[in-house]
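Notes follow the structure.
For ligands, and for the atoms within them, numbers begin at 1 and follow the listed sequence. The figures that follow rest on heavy atoms only: side chains count, while hydrogens, waters and symmetry mates do not. Since the model is a prediction, treat every value here as computed from it, not as a measurement.
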Amino acid sequence: MADDRSAQVPSGTGAADRPAVPAGRDAPGHPGTARRPATVTEVRDACRILITAGPTHEPIDAVRYIGNRSSGRMGIALATAAHAQGHRCTLLLGPTDIAVDSPVGLRRFRTAADLAVLLGEEFHHCDILVMAAAVADYRPALLLPGRPGEADLSPGTPGRPVSGAEGKIRRMDGPLTLVLEPVPDLLAAAAARRRPDQTVVGFALERVATAEELVRLAREKLARKSIDAIVANPLETMQSASIDGVLVHADGTVERPPRAPTAKDDFAAWLIRVLAARWSAGNARPATA
Ligand code: CTP
C-alpha cells in the first residue's frame, strides 16, 4: 500500500445501510435480464458516487518515479460537487498537493496497484464510478545495464528488479535500460464486473485538432472499455483551471455544458447533475415505508 496513504477516512458507503437495488438496466449482452420494480412509488435522488483523481507515481527506486502532470483538480471538484448536491461521495486521490476541503470520504493512493486495491474495496459500494484519475499505462519492471539494443531483454535474463523499497539506484558508468510493463486497465476491469445498477464513467484525455475528432476518439475508447459514459477533453485541460469537455454516452448521445470552456468547478457541478439524474432515471426504487 502507498506510503503516503495518510488521510484515510471511512467512506461510510457500506452495503449494509442501503436498500436492495432493483436494477433498471439489462446486463450487458443480456436483454431483458434487468430486475425491474413492479411499481415505482419513489425515486431516490441521492446516490453513492466513487471518484478517482490525480496522477499515479510508479516507483523506479525509493526516490524516483514515473508520473504524469495530472493535478487531481477535476476529480476533487467532482467530489466537492457530489457532496454539495447531497450525494455520498468517496474520493480516491493520488499524489497531489491540492487540498480537499469538502468532507468526503478520502482515501489516498500512490501507484496504480494501490488504486486497484482501493477500487476492489470500494467499487461494489457505489452507484456511480467516475474514473478521473490519470492512471499509468506502463510501470517500471526491470533495470538492465546497457542500451536497449545491448541489454539482454529475453525472458528469464537476470536483471535488477525495480522496487520502490530497494533504496536509491547509484550512478554507474554507461547507460541503463529501464524495462516497462503494462498496467492493467482498472476502468475496463471495473466495468467488466459492474452490476446492472452501477454506472461506470471514464475520462479520456486526447490530443485532437477538432471537436469531431474528440467525440470520435471518445466513442472508440468508450466501446473499447465497455463503459457507460466518457468525458472527453483535450490535452490542454491538464493542469488548467478550465475544461472544454464533452460527455459521450454509450447510447450514442453527446452532452455539453451550457458554456465551453467551463471552469472545472462548474463543469463538475454540471457533470454530477447529469450523471445522477441519468442514474436515478434508470434505477427508480420503491418506497421502503
Ligand atoms: N485508466 C485506467 N487504468 C489504466 C489507464 C487508464 O483505469 N491503466 C482509465 C483512466 O482513469 C481514464 C480512462 O482509463 O478514465 C482513459 O484513460 P486514457 O489515458 O485517456 O486512455 P488509455 O486507456 O490509457 O488509452 P490511450 O493511452 O490510448 O489514450
Side-chain angles (χ1 to χ4, degrees), residues 2 49-59 65-79 82 89-96 107-124 126 128-141 180-194 198-209 211 213-240 243-250 264 267-268 271-272 274-275:
I49 304 180
L50 178 61
I51 294 165
T52 71
T56 52
H57 286 180
E58 303 298 334
Y65 59 83
I66 293 182
N68 59 68
R69 293 198 294 116
S70 168
S71 65
R73 208 184 300 269
M74 187 68 239
I76 293 171
L78 286 167
C89 180
T90 299
L91 174 63
L92 309 183
L93 182 62
T96 175
R107 301 188 71 179
R108 303 302 301 257
F109 63 85
R110 181 178 177 220
T111 65
D114 297 340
L115 177 56
V117 170
L118 295 183
L119 281 169
E121 293 171 9
E122 297 287 347
F123 178 58
H124 61 288
C126 81
I128 301 173
L129 167 66
V130 184
M131 280 283 288
V135 187
D137 287 330
Y138 291 92
R139 64 185 158 216
L180 306 180
E181 66 180 7
V183 171
D185 189 325
L186 306 184
L187 178 60
R193 66 175 194 270
R194 74 189 183 281
Q198 288 181 300
T199 296
V200 173
V201 183
F203 264 70
L205 194 65
E206 309 287 356
R207 179 192 286 274
V208 288
E213 192 185 2
L214 186 64
V215 171
R216 182 178 59 76
L217 292 177
R219 283 209 168 100
E220 285 172 14
K221 203 168 271 188
L222 180 148
R224 198 163 65 237
K225 294 173 188 266
S226 290
I227 55 180
D228 300 296
I230 195 157
V231 176
N233 56 128
L235 223 51
E236 294 72 27
T237 297
M238 234 182 195
Q239 290 181 319
S240 163
I243 174 170
D244 192 1
V246 53
L247 178 62
V248 180
H249 296 278
K264 282 186 176 171
F267 186 89
L271 183 65
I272 293 293
V274 170
L275 295 178

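Ionic pairing of R224 and D185 is not present here: no N-O contact between side-chain nitrogen and carboxylate oxygen is shorter than 4.0 angstrom.
Partner of F203 under the side-chain contact (heavy atoms from CB on, under 4.5 Å) criterion, chosen from L78, T52, I230, L187: L78.
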Side-chain donor-acceptor pairs of residues 214-223 under 3.5 Å, sequence neighbours excluded:
residue: R216; atom: NH1; partner: E220; partner atom: OE2; Å: 3.1
residue: R219; atom: NH2; partner: G252; partner atom: O; Å: 2.9
residue: K221; atom: NZ; partner: E206; partner atom: OE2; Å: 2.7

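The contact shell of ligand 1, taken as protein residues with any non-hydrogen atom closer than 4.0 angstrom, comprises M131, A133, V135, A136, D137, V183, P184, D185, L186, L187, G202, F203, A204, L205, K221, R224, K225.
Closest heavy-atom contact between T56 and A136: OG1-N, 3.0 Å. Taking each heavy atom of G75 and A132 in turn, the nearest pair found is CA-CB, 4.1 Å.
With contacts defined as side-chain heavy-atom distances shorter than 4.5 Å, the pair Y138/E58 does not qualify.
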